[in-house]
Peer 1: 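Below is the structure I would like to discuss, written out as structure tokens.
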Number of protein chains: 2
Amino acid sequence: MPVPESEVERRVALLSQALRQSGMRLTHQRLEVAREIARSETHPDVEAVYRGVRNRVPTISLDTVYRTLAALTELGLIKRVSATSGPVRYDANPIQHHHFVCTRCGLIRDLYSPTLDALEPPEESSVFGRLESVEVQLRGVCEACKRKEDDCER
Amino acid sequence: MPVPESEVERRVALLSQALRQSGMRLTHQRLEVAREIARSETHPDVEAVYRGVRNRVPTISLDTVYRTLAALTELGLIKRVSATSGPVRYDANPIQHHHFVCTRCGLIRDLYSPTLDALEPPEESSVFGRLESVEVQLRGVCEACKRKEDDCER
DNA sequence: GTTACTGCAAACTTTTTGCACGACA
DNA sequence: TGTCGTGCAAAAAGTTTGCAGTAAC
């Protein structure tokens with residue numbers, strides 16, 4: 001089931017307005033990238049967005065899609081599904097735990113919480129397939145990055 | 001605070017035993033990669049594991065570290081922190097929601113749940129920094145991949 | 001008319017793969 | 001001894017950057 005056209009346009013309007021307000025120019029390319037991602041339900045990667053937009057803007061470059069998605073993410077208008085960018089990172093801690101992830105620098109800290117461990121996945125999630133684990137990700141800005149932000153504002 | 005040496009050795013023993021049981025050979029390189037990741041608290045990427053192991057096995061190659069970590073992940077002994085590997089994927093759905101992620105094929109499905117939305121992050125998580133969002137990730141094997149597995153077992 | 005944005009090309013980073021030699025069981 | 005694993009090298013995949021022309025405001 002696709003996102004209804006009215007909802008798509010509502011999202012595009014939000015994205016457009018936010019781009020404007022942040023001082024960025026609302027170019028044809030950015031508008032169409034925004035429309036493509038607003039319409040998507042499949043959590044596309046950059047390449048997939050590029051393919052979609054090219055149907056309407058055949059001359060757009062992959063770089064522009066990268067730059068636009070990065071800008072929208074920076075403004076908090078869209079999100080990366082994986083919390084961190086860059087290389088894959090591993091975790092060998094076999095004890096049940098959760099993560100705090102800094103969206104600025106990628107810092108990851110373990111979080112132990114019996115309350116979170118006890119979390120019951122909703123009934124309906126079984127339609128997706130066989131569940132193997134539940135992980136809660138707290139996303140935010142770590143202390144170090146907070147200090148850096150404060151320093152810059154002075 | 002480092003992982004206590006006794007806990008490290010316990011984890012290494014678990015990893016070694018599991019490697020053996022799966023029919024893989026327990027080489028010097030694999031043992032040291034296992035030790036390095038068991039000891040780590042920082043959710044290292046492949047490069048960082050490589051640097052650590054090289055102190056003890058100067059001739060090990062980066063490829064071997066890649067292959068060993070991939071094998072340990074495949075066996076479910078360690079986990080990637082980001083649910084999916086491969087290119088970064090985006091989400092433009094502004095409505096609060098959570099994700100089901102297939103650990104085999106990377107499929108991501110949105111999950112709406114007022115119960116999960118209402119989740120209160122534990123008090124102590126505020127020491128990490130400023131919290132901005134909470135996302136619950138259900139990980140497992142999607143219906144399509146389950147079918148593929150069943151087909152192979154016949 | 002300015003200034004920011006785009007497309008192109010090249011560079012860089014991260015990850016994967018083919019192959020011959022060496023090591024584990 | 002046979003087979004699996006390793007290191008090397010090269011390639012592939014994903015992402016970033018500098019620059020000159022172009023378009024938004």
Side-chain angles (χ1 to χ4, degrees), chain A residues 15-37 43-75 78 80-90 105-106, chain B residues 15-37 43-54 56-75 77-78 80-90 105-106:
Chain A
L15 294 172
S16 305
Q17 196 188 1
L19 279 176
R20 276 246 178 74
Q21 277 183 3
S22 75
M24 294 179 68
R25 289 181 182 172
L26 189 59
T27 63
H28 181 45
Q29 289 91 333
R30 285 183 181 158
L31 189 65
E32 290 304 330
V33 169
R35 177 160 291 128
E36 190 64 30
I37 183 94
H43 310 87
D45 59 19
V46 176
E47 195 68 41
V49 174
Y50 176 54
R51 283 196 304 271
V53 175
R54 245 189 336 185
N55 294 332
R56 280 164 282 130
V57 191
T59 59
I60 197 171
S61 72
L62 184 58
D63 324 56
T64 297
V65 180
Y66 266 102
R67 284 188 272 225
T68 303
L69 291 175
L72 293 174
T73 306
E74 191 70 25
L75 293 172
I78 64 176
R80 275 196 272 266
V81 177
S82 327
T84 61
S85 57
V88 170
R89 295 170 65 179
Y90 290 90
C105 70
Chain B
L15 294 172
S16 305
Q17 195 188 359
L19 278 176
R20 275 246 179 73
Q21 277 183 5
S22 74
M24 295 180 68
R25 291 182 182 169
L26 188 60
T27 63
H28 181 44
Q29 288 91 332
R30 285 180 181 160
L31 189 65
E32 291 302 330
V33 169
R35 177 159 291 127
E36 191 64 29
I37 184 94
H43 312 86
D45 59 18
V46 177
E47 193 69 39
V49 174
Y50 176 54
R51 282 196 305 272
V53 175
R54 245 191 335 186
R56 280 166 281 131
V57 191
T59 59
I60 198 171
S61 72
L62 183 58
D63 323 57
T64 297
V65 180
Y66 266 102
R67 285 188 270 226
T68 304
L69 291 175
L72 293 174
T73 306
E74 190 70 25
L75 293 171
L77 300 169
I78 64 175
R80 277 195 270 267
V81 176
S82 327
T84 60
S85 58
V88 170
R89 295 170 65 180
Y90 290 90
C105 69

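Letters A, B, ... mirror the listed sequences (proteins, then strands); counts begin at 1.
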Peer 1: Among B:Ile78, B:Leu72, B:Val81, find the residue that satisfies the side chain to side chain contact (heavy atoms under 4.5 Å, CB included) test when tested with A:Tyr90.
Peer 2: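 Per the side chain to side chain contact (heavy atoms under 4.5 Å, CB included) rule, the option paired with A:Tyr90 is B:Ile78, out of B:Ile78, B:Leu72, B:Val81.
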Peer 1: Rounding to a whole Å, what distance do you find between A:Leu19:CG and D:dC25:C1'?
Peer 2: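 Rounded to the whole Å, the gap is 15 Å.
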Peer 1: Provide, to the nearest angstrom, the distance between the CZ atom belonging to B:Arg67 and the C1' atom belonging to C:dC19.
Peer 2: 11 Å
Peer 1: Can you check whether A:Tyr66 has a side-chain N or O nearer than 4.0 Å to OP1 or OP2 of D:dT16?
Peer 2: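 Looking at the OP1 and OP2 atoms of D:dT16, neither is under 4.0 Å from any side-chain N or O of A:Tyr66.
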Peer 1: With nearest nucleotide decided by heavy atoms, which residue, B:Gly86 or B:Thr64, maps closer to the 5′ end of DNA chain D?
Peer 2: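 Whichever sits nearer the 5' end wins; that is B:Thr64.
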Peer 1: How many whole angstroms separate atom CG of A:Leu62 from atom P of C:dC5?
Peer 2: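 Distance, rounded to whole Å: 19 Å.
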Peer 1: Expressed in angstrom and rounded to an integer, what is the separation of A:Leu31 atom CG from D:dC25 atom C1'?
Peer 2: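 Nearest whole value for this atom pair: 16 Å.
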Peer 1: Report which part of the nucleic acid A:Thr59 touches: base, sugar-phosphate, or nothing (heavy-atom distance under 4.0 Å, all strands).
Peer 2: sugar-phosphate
Peer 1: Using a cut-off of 4.0 Å on non-hydrogen atoms, how would the nucleic acid contact of A:Arg30 be classed: base, sugar-phosphate, or nothing?
Peer 2: sugar-phosphate
Peer 1: Determine: side-chain N/O of A:Thr27 to OP1/OP2 of C:dA4, distance under 4.0 Å, yes or no.
Peer 2: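 For C:dA4, neither OP1 nor OP2 has a side-chain N or O of A:Thr27 closer than 4.0 Å.
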Peer 1: Can you tell me whether the side chain of B:Arg25 and the base of D:dT3 have a donor-acceptor pair closer than 3.5 Å?
Peer 2: yes
Peer 1: Starting at the 5' end of DNA chain D and moving along, which residue's nearest nucleotide shows up first, A:His28 or B:Ser61?
Peer 2: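 Result of the comparison: B:Ser61.
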Peer 1: Mapping B:Gln29 and B:Asp45 to their closest nucleotides on DNA chain C, which lands nearer the 5' end?
Peer 2: B:Asp45
Peer 1: At their closest point, which heavy atom of A:Ala71 faces which heavy atom of A:Met24, and how far apart are they?
Peer 2: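 Scanning both residues, the minimum pair turns out to be CB-CE, 3.7 Å.
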Peer 1: If every non-hydrogen atom of A:Arg89 is compared with every non-hydrogen atom of A:Gly106, which pair is closest and at what distance?
Peer 2: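 Closest heavy-atom pair between A:Arg89 and A:Gly106: NH1-O, 2.7 Å.
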Peer 1: Side-chain donor or acceptor of A:Asp63 under 3.5 Å from a matching atom on the base of C:dA10?
Peer 2: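 There is none.
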Peer 1: Specify the separation, in whole Å, of atom CD1 of B:Ile60 and atom P of D:dG5.
Peer 2: 14 Å
Peer 1: Pick out which of A:Glu36, A:Arg54, A:Glu32 makes a side chain to side chain contact (heavy atoms under 4.5 Å, CB included) with A:Val49.
Peer 2: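 With A:Val49 as partner, side chain to side chain contact (heavy atoms under 4.5 Å, CB included) holds for just one option, A:Glu36.
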